[in-house]
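First the structure, in the form of structure tokens, and then the observations on it.
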Amino acid sequence: QVQLVESGGGQVQPGSSLRLSCAASGRSFANYALGWFRQAVGKEREFVAATRWSGGGTFYADSVKGRFTISRDRAKSTLSLQMNSLKPEDTAVYYCTAGSGLIASRIAWADAYDYWGQGTQVTVSD
């Protein structure tokens, strides 16, 4: 049984940093892309960042490029998202996700992913 368990959310002030983690278990992710989506209240779920578990590229939404960094530690089976220079518009529930065999053109499509975590709240406010 695949499990994706997020942690690290919280409430911070604008300009601050947070690091999200996702513990991935239950199968080999060798042919998978793992990533992060977010969903703000009243909005659709949107792509944030993704990376191929076995290497071969990272992908970012334009809104977070240069501020967020996605990384994975295969030995610890952990996916991370370092978020710097946070803005109020980054406020959302952040979800860890995994999808098999994703090509680059589908990496930002939520319905292309097979597994989802329960989400962790990130709130950026004064």
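Position 1 is the first residue of the sequence, and the numbers go up from there. Just so it is clear, the structure is predicted and the values come from calculations on it, not from any experiment.
Listed for the Glu6 side chain is a donor-acceptor partner under 3.5 Å among the backbone atoms of Cys96. Here the side chain of Asp114 pairs a donor or acceptor atom with the backbone of Ser100 at under 3.5 angstrom. The backbone N or O of Ser21 sits nowhere less than 3.5 Å from a side-chain atom of Ser80 that would complete a donor-acceptor pair.
Heavy atoms only, all atoms of each residue included: Lys76 and Thr78 are closest at O-OG1, 3.0 Å. Among all heavy-atom pairs drawn from Gln39 and Lys43, the shortest one is NE2-O, 3.1 Å. Residues Ala98 and Leu4 approach most closely at N-CD1, 3.8 Å, considering heavy atoms. A pairwise comparison of heavy atoms in Tyr60 and Ala49 identifies CD2-CB, 3.6 Å as the closest pair. Of all heavy-atom pairs between Ala24 and Ser77, the closest is O-OG, 2.5 Å. The two residues Arg67 and Ser85 make their nearest non-hydrogen contact at NH1-O, 2.9 Å.
Summarising the geometry, atom CG belonging to Asn84 is positioned 10.0 Å from atom OG belonging to Ser16; distances are rounded to the nearest 0.5 Å. Residue Trp36 holds its CH2 atom at 7.5 Å from OG1 of Thr120, rounded to the nearest 0.5 Å. Residue Arg27 holds its CZ atom at 3.5 Å from OH of Tyr32, rounded to the nearest 0.5 Å. Atom CD of Gln11 sits about 8.5 Å away from atom OG1 of Thr91, to the nearest 0.5 Å. If you take CG on Leu102 and CZ on Phe59, they are separated by 9.0 Å, rounding to the nearest 0.5 Å.
Clustering ILVMFWY residues whenever any of their side-chain heavy atoms sit less than 4.5 angstrom apart, transitively, puts Val93 in a cluster other than the one holding Val5. Cluster membership check: Phe47 does not share its hydrophobic cluster with Tyr94, using side-chain heavy-atom separations under 4.5 Å among Ile, Leu, Val, Met, Phe, Trp and Tyr. A chain of hydrophobic side-chain contacts below 4.5 Å, direct or via other Ile, Leu, Val, Met, Phe, Trp or Tyr residues, connects Ile107 to Tyr95.
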| request: Evaluate the side-chain contact (heavy atoms from CB on, under 4.5 Å) criterion for residues Arg38 and Ser63: first the C-alpha distance (whole Å), next the side-chain angles of each, then the deciding distance (0.1 Å), finally the verdict. | output: CA-CA 12 Å; Arg38 66 187 182 187; Ser63 59; 3.6 Å; yes

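Two residues are said to be in side-chain contact when any heavy atoms from C-beta on lie closer than 4.5 Å; Phe68 and Leu18 fail this criterion. Looking only at side-chain heavy atoms (C-beta outward), Asp126 and Pro14 come within less than 4.5 Å of each other.
Pairs passing the disulfide bond (SG atoms under 2.5 Å apart) check and including a residue from residues 33-86, sequence neighbours excluded, do not occur. Legend: ring pair (Phe, Tyr, Trp, His ring centres under 6.0 Å) pairs involving residues 99-126, not counting sequence neighbours, sorted by first then second residue: Phe37-Tyr113, Phe37-Trp116. Sorted by first and then second residue, the side-chain hydrogen bond (donor to acceptor under 3.5 Å, both in side chains) pairs with a member in residues 47-57 form an empty list; sequence neighbours excluded.
Contact check on Asp90 versus Lys87 returns no salt bridge, with no Lys/Arg side-chain nitrogen under 4.0 Å from an Asp/Glu carboxylate oxygen.
Atom CD of Glu44 sits in a sparse spot, with 12 or fewer heavy atoms from other residues, nucleotides or ligands closer than 6.0 Å.
Under 3.5 Å, the side chains of Thr123 and Gln121 contain a donor-acceptor pair of N or O atoms.
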